[in-house]
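Beneath this line is the structure, given in structure tokens, with notes to follow.
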Amino acid sequence: MTFDQQDAGSEVDASVTKEQPQYGVGPFSIREVALVGTWLVAFVISFFPIYGEIGRGPSVWSNGIDWVLTIGVPTAAVFLIALRRLSPQGIRRVGSLGIDQFASVAFSVSTVLWLTTIWNSFITLANQRVFLATWVVWVEFFLMLAGVLLTVFAPLIAPFQQDFQDRVEVPAHRNARPVRAVSPRPATIVPAAVAEDPAAGGAYADYAAPDEAAGYAPADAHAAVVDDATDSASQAEPAAATAAYARIGDEDPAIASDDSLVDAGQAAEQSAAEWPSAESGTTHTPAEAPRHQAFWALVPEDRDIVDEIGIPVFRIGPSAWALVIEDRGEAFVVRHEDGRIGYLHDVSGVTRG
């Protein structure tokens, strides 16, 4: 093969791949001109009566909102087709539909509605021997059917398919793209129910085995020890309190002072705390027991007593003693004379009374 033959072959390939020219009427293609002409005739005829005699019956424009889908939407589609040619950078789609797709939907819906009117007229003819639809309905039906051929089936018709060939490929609208795959929802893990009977297995059975392996006493023996210790502590508390109050009575048989009552309460609490614990086998000291005994406190300067969220409730100062009903270590629970209760978080330098 010579170089001249190769050049000739490349020229043939270029002519084949080159876009074929499209001829029409001005800026419009043949299909668009035919569609505009079909719509124009249908638009003019739509002002004639669709029921009754000519000049007396209502037209589609005066018959409720039937004009919206029968002639209104096709009119909007034709205007968009014309605007696309006159202003290429203007409106290119209606929602997710291209202008040609919108025109196909518009003329298809209009054709169905005109066919519905004809069908209802035949039903009236069968029941009342009267055919209500006029010739306008028939003409409108066939004109809209022609619009369907020029929009829906145009890519299959030889004279009009050239309008759809060699179009520039553009990304589809997101609503017109293929749908995403739906992933299965992960299964929810439901925790197993806790068995109430240790013999039947379950969470409690796991805790029973180590106790027996370690050589602990059975549950019944353990419960008996706890009951004995509880009874002993309960008997010791009244005895200690009675002894303390007896000493107060010896000091002042008429009435015991506040300081004596405080000492008696501390003695009873100390006696109960020193009894051995049935579970641990150790003896509690007064330092380990929670300090719920009330006492008087005097702060070196004015300090705020706040509530649970930190809002000041009242103030205490060095001029008067304040009643502390509970010592929580880092804070005191203070009661006011009028019954209000708050928290003192700054416990440094407090004098106990």
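None of these values were measured; they are calculated from a predicted model. Reckoned from all heavy atoms, side chains included, excluding hydrogens, waters and symmetry mates.
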(message) To the closest 0.5 Å, what do you measure between OG (Ser59) and CD1 (Ile50)?
(response) 7.0 Å
(request) Can you see which heavy atom on Leu323 is nearest to which on Ala294, and at what distance? (result) CD1-CB, 4.2 Å
(request) Count the heavy atoms belonging to other residues, nucleotides or ligands that lie under 6.0 Å from CG of Leu132, then report whether that count exceeds 12. (result) yes
(request) Kindly compute the distance separating CH2 (Trp321) from OG1 (Thr351), expressed to the nearest 0.5 Å. (result) 6.0 Å
(message) Going by salt bridge (Lys or Arg N to Asp or Glu O under 4.0 Å), name the residues that satisfy it together with Asp304, two or more places apart in sequence or in a different chain.
(response) Arg315
(request) With sequence neighbours left out, write down each residue that passes ring pair (Phe, Tyr, Trp, His ring centres under 6.0 Å) with Phe131, or none if nothing qualifies. (result) Phe122
(request) Identify the heavy atoms of Ala297 and Val350 that sit nearest to each other, and give their distance. (result) CB-CG1, 3.5 Å
(request) Could I get the full list of side-chain contact (heavy atoms from CB on, under 4.5 Å) partners for Leu156, not counting sequence neighbours? (result) Phe153
(message) Starting from Leu86 and following side-chain heavy-atom contacts under 4.5 Å between hydrophobic residues (I, L, V, M, F, W, Y), which residues can be reached?
(response) Val25, Phe28, Val33
(message) Tell me the closest heavy-atom pair linking Ala103 and Ile81, and the distance in Å.
(response) CB-CD1, 4.0 Å
(message) Check this for me: Phe79, atom CZ, are more than 12 non-hydrogen atoms of other residues, nucleotides or ligands nearer than 6.0 Å?
(response) no
(request) Kindly compute the distance separating CD (Gln293) from CG (Asp327), expressed to the nearest 0.5 Å. (result) 11.5 Å
(message) Please determine whether residues Val112 and Ile71 belong to a single hydrophobic cluster, defined as Ile, Leu, Val, Met, Phe, Trp and Tyr linked transitively by side-chain heavy-atom distances below 4.5 Å.
(response) no
(request) Would you mind reporting whether Val137 and Ser121 have side-chain heavy atoms less than 4.5 Å apart? (result) no
(message) For residues Val68 and Phe107: do they belong to one hydrophobic cluster (side chain heavy atoms under 4.5 Å, members Ile, Leu, Val, Met, Phe, Trp, Tyr)?
(response) yes
(request) With sequence neighbours excluded, tell me which residues meet side-chain contact (heavy atoms from CB on, under 4.5 Å) with Asp66. (result) Val60, Asn63
(message) Are the side chains of Asp302 and Pro318 in contact, using a 4.5 Å heavy-atom criterion?
(response) yes
(message) Would you say Leu344 ends up clustered with Val313 if hydrophobic residues are merged whenever their side chains have heavy atoms under 4.5 Å apart, either directly or through other cluster members?
(response) yes
(request) Run through the side-chain heavy atoms of Ile, Leu, Val, Met, Phe, Trp and Tyr, join any pair under 4.5 Å, and report what else lands in Ile309's cluster. (result) Ile311
(request) Identify the heavy atoms of Ala106 and Val73 that sit nearest to each other, and give their distance. (result) CB-CG1, 3.4 Å
(message) Are Ser96 and Gln101 packed together at the side-chain level, in the sense that at least one heavy-atom pair is separated by less than 4.5 angstrom?
(response) no
Name every donor-acceptor pair, under 3.5 Å, that has one atom in a side chain of residues 37-47 and the other anywhere in the protein, sequence neighbours excluded.
{"residue": "Thr38", "atom": "OG1", "partner": "Ala34", "partner atom": "O", "Å": "2.9"}
{"residue": "Trp39", "atom": "NE1", "partner": "Thr75", "partner atom": "OG1", "Å": "2.8"}
{"residue": "Ser46", "atom": "OG", "partner": "Phe43", "partner atom": "O", "Å": "2.5"}
{"residue": "Ser46", "atom": "OG", "partner": "Trp61", "partner atom": "NE1", "Å": "2.9"}

(message) Are the side chains of Thr117 and Tyr51 in contact, using a 4.5 Å heavy-atom criterion?
(response) yes
(message) Holding to salt bridge (Lys or Arg N to Asp or Glu O under 4.0 Å), I want the full list of residues that pass it with Arg167, two or more places apart in sequence or in another chain.
(response) Asp100, Asp163
(request) Given side chain to side chain contact (heavy atoms under 4.5 Å, CB included), test Ile325 with Ile341 step by step and report yes or no. (result) CA-CA 9 Å; Ile325 61 176; Ile341 296 177; 4.2 Å; yes
(message) My understanding is that only residues two or more places apart in sequence, or in another chain, count here; which of them pass side chain to side chain donor-acceptor pair (under 3.5 Å) with Gln128?
(response) none
(message) Please check if the number of heavy atoms outside Arg174 that lie under 6.0 Å from its CZ is greater than 12.
(response) no
(request) Sequence neighbours left out, what passes side-chain contact (heavy atoms from CB on, under 4.5 Å) with Leu80? Give chain and number order. (result) Ile91, Val94, Ile99, Phe102
(message) Looking at Arg303 and Glu301, is there a salt bridge between them, counting it only when a charged N and a carboxylate O are closer than 4.0 Å?
(response) yes
(request) Look only at the side chain of Arg31 and the backbone of Leu150, and say whether a donor-acceptor pair between them is shorter than 3.5 Å. (result) yes
(request) Kindly say whether Ser104 contributes a backbone atom to a donor-acceptor pair with the side chain of Ser108 at under 3.5 angstrom? (result) yes
(request) Any pair with a residue in residues 328-353 that passes ring-ring contact (aromatic ring centres under 6.0 Å, His included), sequence neighbours left out, goes on the list, sorted by first then second residue, please. (result) Phe295-Phe332, Phe314-His336
(request) Could you check if a side-chain atom of Ser29 sits within less than 4.5 angstrom of a side-chain atom of Arg85, using non-hydrogen atoms only? (result) yes
(message) Side-chain heavy atoms nearer than 4.5 Å, only ILVMFWY residues, links allowed to pass through others: does that put Leu125 and Ile118 together?
(response) yes
(message) Is there a path of hydrophobic side-chain contacts, each under 4.5 Å between heavy atoms of I/L/V/M/F/W/Y residues, joining Val136 to Ile65?
(response) yes
(request) State, to 0.1 Å, how close Pro21 and Gln162 come at their nearest heavy-atom pair, and which atoms those are. (result) O-NE2, 2.7 Å
(request) Using a cut-off of 6.0 Å, state whether more than 12 heavy atoms not belonging to Glu330 lie near its atom CD. (result) no
(request) Flag the pair Thr111 / Phe141 as yes when at least one side-chain heavy-atom distance between them is below 4.5 Å, and no otherwise. (result) yes
(message) Tell me every residue that passes side-chain contact (heavy atoms from CB on, under 4.5 Å) with Arg93, counting only those two or more places apart in sequence or in another chain.
(response) His173
